[in-house]
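Just so it is clear, the model here is predicted, and its values are computed rather than measured. One is the number of the first residue; the rest follow in order along the sequence.
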Amino acid sequence: MKSLHWADVLLDLVRDHADTTDSKWSKGLLEDWDGVAPHFWQIVPKEMLTRLSHPLDDSAELVAAE
């Protein structure tokens, strides 16, 4: 993921799922989070890009901050 915000959202969702369902699969993902996180993709329709609360890529925020 290119955005720390969305990476944190994903991690929270997987943690919530693990806690709620007691899923062995999601707990396994959390045990190797640094190894599995890069394999997730965020898919967003083009028409929704302007409606996101945060950009998909942190580099846009870095450019704005300079």
Side-chain angles (χ1 to χ4, degrees):
M1 293 207 148
K2 296 182 181 182
S3 167
L4 293 177
H5 168 78
W6 293 113
D8 288 343
V9 169
L10 174 62
L11 180 57
D12 287 343
L13 287 170
V14 175
R15 283 180 178 153
D16 288 347
H17 177 76
D19 292 342
T20 303
T21 65
D22 201 29
S23 164
K24 291 179 184 178
W25 177 263
S26 57
K27 289 179 181 183
L29 291 175
L30 293 171
E31 288 176 7
D32 185 30
W33 188 249
D34 291 335
V36 299
H39 296 282
F40 283 89
W41 289 44
Q42 184 172 6
I43 308 298
V44 180
K46 290 179 185 179
E47 55 274 357
M48 295 302 294
L49 288 173
T50 59
R51 298 178 183 193
L52 294 174
S53 61
H54 294 277
L56 292 178
D57 190 334
D58 285 339
S59 64
E61 290 179 0
L62 294 176
V63 170
E66 291 178 353

Output yes when a side-chain donor or acceptor of S26 lies under 3.5 Å from a complementary backbone atom of S23, and no otherwise. yes
Value rounded to 0.5 Å, distance of CZ in R15 from CG in D8: 8.5 Å
Suppose we screen for side-chain contact (heavy atoms from CB on, under 4.5 Å). Which residues come up paired with H5, at least two apart in sequence or across chains? S3, V9, S53, H54
Should V36 and L30 count as side-chain neighbours, where that means a heavy-atom distance under 4.5 Å? no
L4 CG to L11 CG distance, which is reported to the nearest 0.5 Å: 12.0 Å
In Å and rounded to the nearest 0.5 Å, what is the CG to NE2 distance from L29 to H17? 9.0 Å
Between F40 and W6, does the ring centroid distance fall short of 6.0 Å? no
Quick one: does L10's side chain get under 4.5 Å of Q42's, heavy atoms only? no
